[in-house]
Protein chains: 2
Amino acid sequence: MSQGSGKTPAKRPLTLRDVSEASGVSEMTVSRVLRNRGDVSEATRTKVLEAARELGYVPNKIAGALASSRVNLVAVIIPSMSNMVFPEVMTGINEVLEGTELQPVVGITNYKPEREEAVLYQMLSWRPSGVIIAGLEHTEAAKAMMGAAGIPIVEIMDTDGEAVDSAVGISHRRAGRKMAQAIIDAGYKRIGFLGTKMPLDHRARKRFEGFTEVLAKAKLEIADSEFYSGGSALKKGREMTEAILKRNEEEPLDFLYYSNDMIGAGGLMYCLDNGIDVPGDIGLAGFNGIEFLDGLPRKLATMDACRVEIGRAAAEIIAKRVEDEKAPTGEIITLEPSLDYGETLKRKKKPL
Amino acid sequence: MSQGSGKTPAKRPLTLRDVSEASGVSEMTVSRVLRNRGDVSEATRTKVLEAARELGYVPNKIAGALASSRVNLVAVIIPSMSNMVFPEVMTGINEVLEGTELQPVVGITNYKPEREEAVLYQMLSWRPSGVIIAGLEHTEAAKAMMGAAGIPIVEIMDTDGEAVDSAVGISHRRAGRKMAQAIIDAGYKRIGFLGTKMPLDHRARKRFEGFTEVLAKAKLEIADSEFYSGGSALKKGREMTEAILKRNEEEPLDFLYYSNDMIGAGGLMYCLDNGIDVPGDIGLAGFNGIEFLDGLPRKLATMDACRVEIGRAAAEIIAKRVEDEKAPTGEIITLEPSLDYGETLKRKKKPL
DNA sequence: AAAAGAGCCGTTAGCGATAACATAACCGCA
DNA sequence: TGCGGTTATGTTATCGCTAACGGCTCTTTT
């Protein structure tokens with residue numbers, strides 16, 4: 001800890017007027033040069049540019065946005081940034097927005113509806129050009145705000161429900177069903193479920209519902225389940241797996257369905273460490289298709305949630321609507337999650 | 001894909017005037033109520049609040065910020081969001097800022113200086129109350145902008161160098177030295193280095209410099225090294241480890257130093273899968289101390305980079321400076337990275 | 001009872017930019 | 001020579017909000 005150099009001149013921030021005076025033209029002309037809009041002679045253009053550079057002028061977008069009522073920001077509201085899935089969605093969003101004038105601004109809700117509402121309010125008060133928000137479940141107030149904002153809204157990740165405007169995602173119910181079907185087809189019977197203790201993770205809930213629905217049709221049900229919250233997901237996966245397996249030694253489970261790949265990976269490592277034959281003795285599957293699984297000793301079965309693609313599609317909807325006022329609203333894009341059998345889920349037993 | 005409901009009324013956005021008319025008081029009074037500032041009678045307060053709620057009014061911060069020249073945003077400029085380290089820094093920043101009126105806005109540079117410059121320019125044009133930016137290395141133009149912005153600037157992660165204003169971080173050179181010393185003390189001699197192919201990752205470079213410096217003092221040098229870029233770090237860690245070990249079978253390596261925990265974890269899994277005794281035959285160490293290591297079959301040695309703490313401290317500096325104009329500038333906080341021996345690095349051989 | 005203060009609310013003048021409309025200079029061509 | 005048409009620049013009026021100040025009504029004080 002030490003005292004610094006105190007370089008900052010702390011002078012009044014520069015405005016267009018300063019540049020205009022320095023270059024001997026009107027503010028308007030400076031504005032035109034800086035925005036590359038309207039006709040300006042090459043001579044004044046260079047003169048202005050030079051003056052601006054010399055002074056170190058940085059335009060004030062606040063004033064600009066107020067005057068033009070155009071804000072090139074896109075609000076992106078997501079529950080978390082620390083679980084691999086949303087960073088990938090961001091990647092997709094960025095890919096698309098980099099080709100436009102739009103800039104994403106991220107808000108984190110920590111899966112709390114009231115926090116989401118607050119973040120949304122904050123974001124909307126900056127009058128962004130569009131909103132990308134995770135999930136279809138929001139407080140009434142949040143839905144009302146989005147409905148009244150008069151800007152494109154894209155709800156992402158999930159399409160099982162009613163969207164305020166547009167939506168891009170997968171059907172988590174369908175993802176659950178699909179996985180259940182694959183497990184049943186492979187001949188597994190005693191299935192355990194391991195997930196997070198999060199009543200507000202609607203997507204996990206929907207997957208679970210789809211999953212149990214298909215099991216029920218096959219006259220099966222979840223034999224046992226285990227939930228966690230917080231901590232290292234990998235470690236929790238291990239611990240939960242140990243717990244659930246030990247608890248069912250008398251009538252052993254033959255499949256474990258994890259609500260995300262990270263705990264699935266932990267479970268896989270537990271099984272391998274303890275000489276359990278996967279997928280012989282027991283099959284395993286996760287959800288998400290995170291890249292990280294490639295490095296595991298055995299590839300975990302999973303279902304890809306199309307994260308990057310969702311980000312891209314959502315950003316494209318916003319970009320299109322910003323560019324063309326009359327582009328259609330209420331577009332719903334449902335992506336198809338693809339099942340990856342990996343090396344922990346046996347293929348269909350009898351092809352009939 | 002389908003047509004939506006078209007709920008959006010697309011009417012002119014609401015302003016203070018609308019609320020003022022609806023509640024029968026002046027705009028100024030509405031503004032006072034909404035900001036909780038100045039004296040307003042309880043009666044009018046509720047009247048205004050009700051009108052605002054009813055209309056669904058959302059204040060326009062653009063106008064507000066312009067009028068008051070106060071913007072409650074803090075620009076956070078970081079290289080990436082997909083590698084576990086910066087999300088944790090964000091956690092620290094958020095923890096502190098949640099207790100204030102300030103809001104973080106994140107910009108991603110992808111480790112490209114010119115991108116960083118562009119992002120910084122964009123951010124500064126919104127006249128934020130402060131800037132938190134990763135690293136001490138920036139383009140000249142970027143440094144000039146920060147120097148002239150007249151707002152608190154905190155450079156984070158690293159303190160080996162000259163800061164524009166304040167800085168919070170660890171000495172990566174020292175981290176490298178410390179790890180080298182521990183490795184030497186444990187008696188390892190033939191040391192391999194595995195890292196990323198990133199000439200612009202200055203912090204990794206500094207760690208490497210510190211590392212080799214201490215080795216040199218002990219008359220040792222890096223026996224071999226291996227670099228990667230892109231892809232699943234876990235998988236790359238495996239592959240690189242296999243490559244470097246095979247290449248040195250004649251005169252085997254006895255230690256591998258990884259530039260991050262993820263590739264280290266991959267290397268660890270490779271060793272375990274192949275029956276290599278860790279840390280007997282070979283010792284391993286990574287860098288960062290990510291939580292995820294807890295779930296590994298054997299705990300990898302690492303060095304904690306104090307990520308959450310860095311975020312907290314940086315945010316605190318900004319918050320303090322925003323609150324009190326005259327708070328000291330140029331504060332430098334150097335945190336001490338702590339070595340975690342885990343189970344892959346033997347303890348000191350002879351305590352002398 | 002007059003002065004001083006507190007509480008409540010309105011008026012006016014920007015904040016720093018841009019939209020939209022002049023204006024001026026210059027071109028060519030009838 | 002004069003008129004339409006560019007091209008290059010300036011002027012004026014906002015954008016929606018807040019700072020600063022002023023004025024009015026009651027209290028409170030001495």
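Lettering of chains follows the sequences in order, A, B, ..., and the numbering in each one begins at 1.
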Return the residues of residues 61-69 of chain A meeting this criterion: a heavy atom under 4.0 Å from some atom of DNA chain D. Order them by number, or give none. A/L66, A/A67

When rounded to whole Å, the CD to P distance for the pair B/E21 and D/dG16 reads 13 Å

Under the criterion salt bridge (charged side-chain N to carboxylate O under 4.0 Å, His left out), I'd like the reasoning laid out for B/D165 against B/K143: C-alpha separation, chi angles, the key distance, then a yes or no. CA-CA 10 Å; B/D165 174 6; B/K143 284 191 217 167; over 6 Å; no

Rounded to whole Å, CG of B/N60 lies from P of D/dT14 at a distance of 18 Å

For A/A63 against B/L66, the heavy-atom pair lying closest together: CB-CD1, 3.8 Å

How many Å lie between CD on A/E27 and P on D/dT14, as a whole number? 18 Å

May I ask you to evaluate whether A/T29 reaches the phosphate of D/dG10, defined as a side-chain N or O under 4.0 Å from OP1 or OP2? yes

If I take atom CZ in residue B/R70 and atom P in nucleotide D/dT18, what distance separates them, rounded to the nearest angstrom? 9 Å

Below 4.0 Å: OP1/OP2 of C/dG16 and any side-chain N or O of A/Y57: no

Answer yes or no: is there a donor N or O on one side and an acceptor on the other, between the side chain of A/S20 and the main chain of A/V25, under 3.5 Å? yes

Is the phosphate of D/dG16 approached by B/T15 (side-chain N or O, under 4.0 Å from OP1 or OP2)? no

Give, ordered by number, those residues of residues 32-53 of chain A having at least one heavy-atom distance below 4.0 Å to an atom of DNA chain C; if nothing qualifies, reply none. A/R35

Counting only heavy atoms not in B/R35 (residues, nucleotides, ligands), do more than 12 fall under 6.0 Å from its CZ? yes

To the nearest angstrom, the CZ-C1' distance between B/R17 and D/dT14 comes to 13 Å

For B/K47 and B/E50, what are the C-alpha separation, side-chain angles and deciding distance, and is it a salt bridge (charged side-chain N to carboxylate O under 4.0 Å, His left out)? CA-CA 5 Å; B/K47 199 169 51 180; B/E50 189 137 328; over 6 Å; no

Any donor and acceptor pair, going by atom type alone, linking the side chain of A/T100 with main-chain N or O of A/L97 inside 3.5 Å? yes

Could you check which of D/dT9, D/dT11, D/dA19 has an atom nearest any side-chain atom of B/M28? D/dA19

Are any non-hydrogen side-chain atoms of A/E117 and A/M145 less than 4.5 angstrom apart? yes

Exceeds 12 heavy-atom contacts within 6.0 angstrom, atom CD of B/E54: no

Trace of the salt bridge (charged side-chain N to carboxylate O under 4.0 Å, His left out) decision for B/E316 with B/R312: CA-CA 6 Å; B/E316 261 155 21; B/R312 267 199 289 258; over 6 Å; no

